[in-house]
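Step one of this worksheet: look at the structure below.
Any value given below was found using the heavy atoms of this structure, including those in side chains, with hydrogens, waters and symmetry copies removed. Note that the structure is predicted; figures quoted are calculated from it, not measured. Residues take their numbers from the sequence shown, with the count starting at 1.
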Amino acid sequence: MIISWNSTNQCNMFCDHCYRDSGARADQELTTKEAKSLLEDIQKAGFKIMIFSGGEPLMRSDLVELISYAKTLGLRPVLGSNGTLLTPDLARELKKAGAMGIGISLDSMNSDKHDNLRRYQGAWKEAVEGMAICREVGLPFQIHTTVMDWNKSELENITDFAVSEKAVAHHFFFLVPTGRGSNIEDTSLRAVEYESVISRIMKKQKTVSIELKPTCAPQFMRIADQMNLQTRFGRGCLAGTSYCIISPTGKVQPCAYMDMEIGDVRQTPFHEIWQNSAVFEKLRGMNYSGYCGHCAYKKTCGGCRARAAYYHDGDYMAEEPWCLYQGGKKEAL
């Protein structure tokens, strides 16, 4: 089980695709004391992997302390970052505190394209420097790439770069139009491209030793199966089943891209929200409508619930709009 906490809304960038609309620090972000209580409750709920994300988590002054506390609770702390604020001293502190790894965003091999998406001059250069710092101190890192129509042809090249930089993995985040990302909805892939790009990633996986993982593209489970490619993953979309996200102010959502608050950890302990939420219960029931409801890969794929909600007026149990398979002809597994 994996959980992500947007530890702050603060960010030194203003990326076009940001689902959290990050930039300035949010009012009433969780205090250090509240964050530690949340971490205790996350552990109580049975989660194992604890992602500290943002905004930019490295802008939170107590981050090292919180990572250390998460580690003492038996959680596996990792970070999602743009990588530009890493220094050798900070990276060493993170590693000493118990950080197991960091995901660093890189969206193009063209530095200008990456910088333009992130509205930050020098973002590409500083991200790559951050990777070098991680190598220097022995902090494992992976590369995160947001997939859009303008960078889809570069993905294998970015994977090759990840290998050359000694990243442990390359994860691909297929754009879901949420937050500022809704302003660039027209850059998201449609069904034919969506299927083609996932297939390319799975083919590329056969040629490299590092892990390649499409995110918000749960059809990769079907495509991997059709290619007889073994993965360590048991399911595509994890929203509400073995994953959720918590905002900087303690609001709980099924995933980062499902813009719906289903609980507030300041009012109800997180483990109770996780156990008792009607939304989580519905997601776990997998009673999807449309072709997702009778798909042969219903249990292993599940369709992107966030994309279903966006394109079906908030109906997160609707069919995934960008799937070519459309249920197949087998009975649901």
Side-chain angles (χ1 to χ4, degrees), residues 4 6 9 11 13-23 26 51 53-56 80 82 103 105-108 113-114 116-120 123 144-155 171-198 201 213-220 236-240 243-248 251-262 279 283 288-292 301-324 326:
S4 180
N6 296 129
N9 203 63
C11 192
M13 297 184 182
F14 199 76
C15 304
D16 286 346
H17 63 298
C18 181
Y19 66 83
R20 184 56 73 190
D21 197 15
S22 297
I51 304 174
S53 62
E56 173 49 58
N82 60 46
S105 299
L106 198 76
D107 302 300
S108 177
K113 290 181 178 180
H114 177 83
N116 288 339
L117 176 70
R118 297 185 172 272
R119 306 296 173 187
Y120 182 96
H144 291 168
T145 300
T146 299
V147 179
M148 293 158 283
D149 61 358
W150 58 264
N151 69 351
K152 66 181 188 293
S153 64
E154 297 186 62
L155 301 181
H171 287 197
F172 306 83
F173 292 76
F174 284 62
L175 178 68
V176 179
T178 309
R180 288 200 295 270
S182 62
N183 298 324
I184 57 170
E185 187 276 339
D186 60 339
T187 69
S188 62
L189 304 187
R190 269 43 179 180
V192 174
E193 289 181 326
Y194 187 59
E195 181 93 1
S196 172
V197 170
I198 298 170
I201 293 170
K213 165 67 164 58
T215 298
C216 297
Q219 290 79 8
F220 87 90
C237 181
L238 305 179
Y243 171 81
C244 71
I245 191 166
I246 301 169
S247 80
K251 307 300 190 298
V252 180
Q253 298 176 217
C255 83
Y257 307 100
M258 292 176 71
D259 189 15
M260 54 188 300
E261 296 176 359
I262 60 173
V279 173
L283 285 165
Y288 310 128
S289 61
Y291 55 75
C292 282
C301 170
C304 176
R305 295 300 97 210
R307 199 171 281 113
Y310 181 84
Y311 291 101
H312 293 281
D313 297 322
D315 182 2
Y316 55 88
M317 299 301 287
E319 63 188 26
E320 153 84 66
W322 303 141
C323 181
L324 284 184
Q326 298 193 358

Handout entry: For the student: nearest non-hydrogen atoms of Pro218 and Cys304, plus distance
Key = CG-N, 3.4 Å
Practice task
For Gly236 and Phe220, work out which heavy atoms get closest and say how close.
Solution key: CA-CE2, 4.2 Å
Exercise for the section: Would you check if there is a donor-acceptor pair between the side chains of Arg190 and Ser188 at a distance under 3.5 Å? Expected result: yes
Handout entry: Side-chain donor or acceptor of Asn82 paired with backbone N/O of Ser105 under 3.5 Å
Key = no
Practice task
Indicate yes or no for a side-chain donor-acceptor contact from Asn6 to the backbone of Ile245 under 3.5 Å, with no hydrogens or angles considered.
Solution key: no
Practice task
Answer yes or no: are there more than 12 heavy-atom neighbours, outside Asp313 itself, under 6.0 Å from its atom CG?
Solution key: no
Problem - Backbone of Leu106 reached by a side-chain donor or acceptor of Thr145 within 3.5 Å - result: yes
Practice task
Find out whether Val252 and Glu261 are in side-chain contact, i.e. whether some heavy atom of one side chain is under 4.5 Å from a heavy atom of the other.
Solution key: no
Exercise for the section: Check whether any side-chain heavy atom of Phe172 lies under 4.5 Å from a side-chain heavy atom of Leu155, and answer yes or no. Expected result: yes
Exercise for the section: Go through the steps for Leu189 and Lys152 under the test side chain to side chain contact (heavy atoms under 4.5 Å, CB included), then give the verdict. Expected result: CA-CA 9 Å; Leu189 304 187; Lys152 66 181 188 293; 4.0 Å; yes
Handout entry: Atom pair CG/CG of Leu117 and Asn151 - distance to nearest 0.5 Å
Key = 8.0 Å
Practice task
Might you point out which heavy atoms bring Ala318 and Ala308 nearest each other, and give the distance in Å?
Solution key: O-CB, 3.5 Å
Exercise for the section: Give the minimum heavy-atom separation between Ser22 and Phe14, together with the two atoms involved. Expected result: O-CD1, 3.5 Å
Problem - Sub-4.5 Å side-chain heavy-atom contact between Ile262 and Gln253 - result: no
Practice task
List the steps and the verdict of side chain to side chain contact (heavy atoms under 4.5 Å, CB included) for Asn9 and Arg20.
Solution key: CA-CA 7 Å; Asn9 203 63; Arg20 184 56 73 190; 3.0 Å; yes
Exercise for the section: Quick one: closest heavy-atom pair of Gly103 and His144, and the distance? Expected result: CA-CE1, 3.6 Å
Handout entry: Any donor-acceptor N/O pair, Asp315 side chain to His312 backbone, under 3.5 Å
Key = no
Handout entry: Min side-chain heavy-atom separation Ile184-Leu175 under 4.5 Å
Key = yes
Exercise for the section: Calculate, to the nearest 0.5 Å, the distance between atoms CD and CD1 belonging to Glu193 and Ile198 respectively. Expected result: 12.0 Å
Fill in the blank from the handout: Rounded to the nearest 0.5 Å, the CZ atom of Arg118 sits from the OG atom of Ser108 at a distance of 11.0 Å
Practice task
Check the pair Gln219 / Tyr194 against side chain to side chain contact (heavy atoms under 4.5 Å, CB included), numbers first and verdict last.
Solution key: CA-CA 9 Å; Gln219 290 79 8; Tyr194 187 59; 2.9 Å; yes
Problem - Side-chain (Thr215) to main-chain (Phe173) donor-acceptor, under 3.5 angstrom - result: no
Practice task
Show your working on salt bridge (charged side-chain N to carboxylate O under 4.0 Å, His left out) between Asp21 and Arg180 and close with a plain yes or no.
Solution key: CA-CA 6 Å; Asp21 197 15; Arg180 288 200 295 270; 2.5 Å; yes
Practice task
Any chance you could measure Cys255, atom SG, to Asp259, atom CG, to the nearest 0.5 Å?
Solution key: 10.0 Å
Handout entry: Cation over ring face, Arg305 and Tyr310, 6.0 Å, 45°
Key = no
Handout entry: Cation-pi geometry met for Arg307 and Tyr316 (6.0 Å, 45°)
Key = no
Exercise for the section: Please confirm whether the backbone N or O of His114 pairs with a side-chain atom of Asp107, one donor and one acceptor, at under 3.5 Å? Expected result: no
Exercise for the section: Identify which one of Glu320, Glu319, Glu185 satisfies the side chain to side chain donor-acceptor pair (under 3.5 Å) criterion when paired with Tyr311. Expected result: Glu185
Problem - Nearest non-hydrogen partners of Leu283 and Pro254, listed with the distance - result: CD1-CB, 3.8 Å
Exercise for the section: Kindly assign one of parallel, tilted or perpendicular to the pair Tyr19 and Tyr257, based on the angle between their ring planes and the thresholds 30° and 60°. Expected result: perpendicular
Exercise for the section: Could you tell me whether Asp16 and Arg119 have a side-chain N and a carboxylate O separated by less than 4.0 Å? Expected result: yes
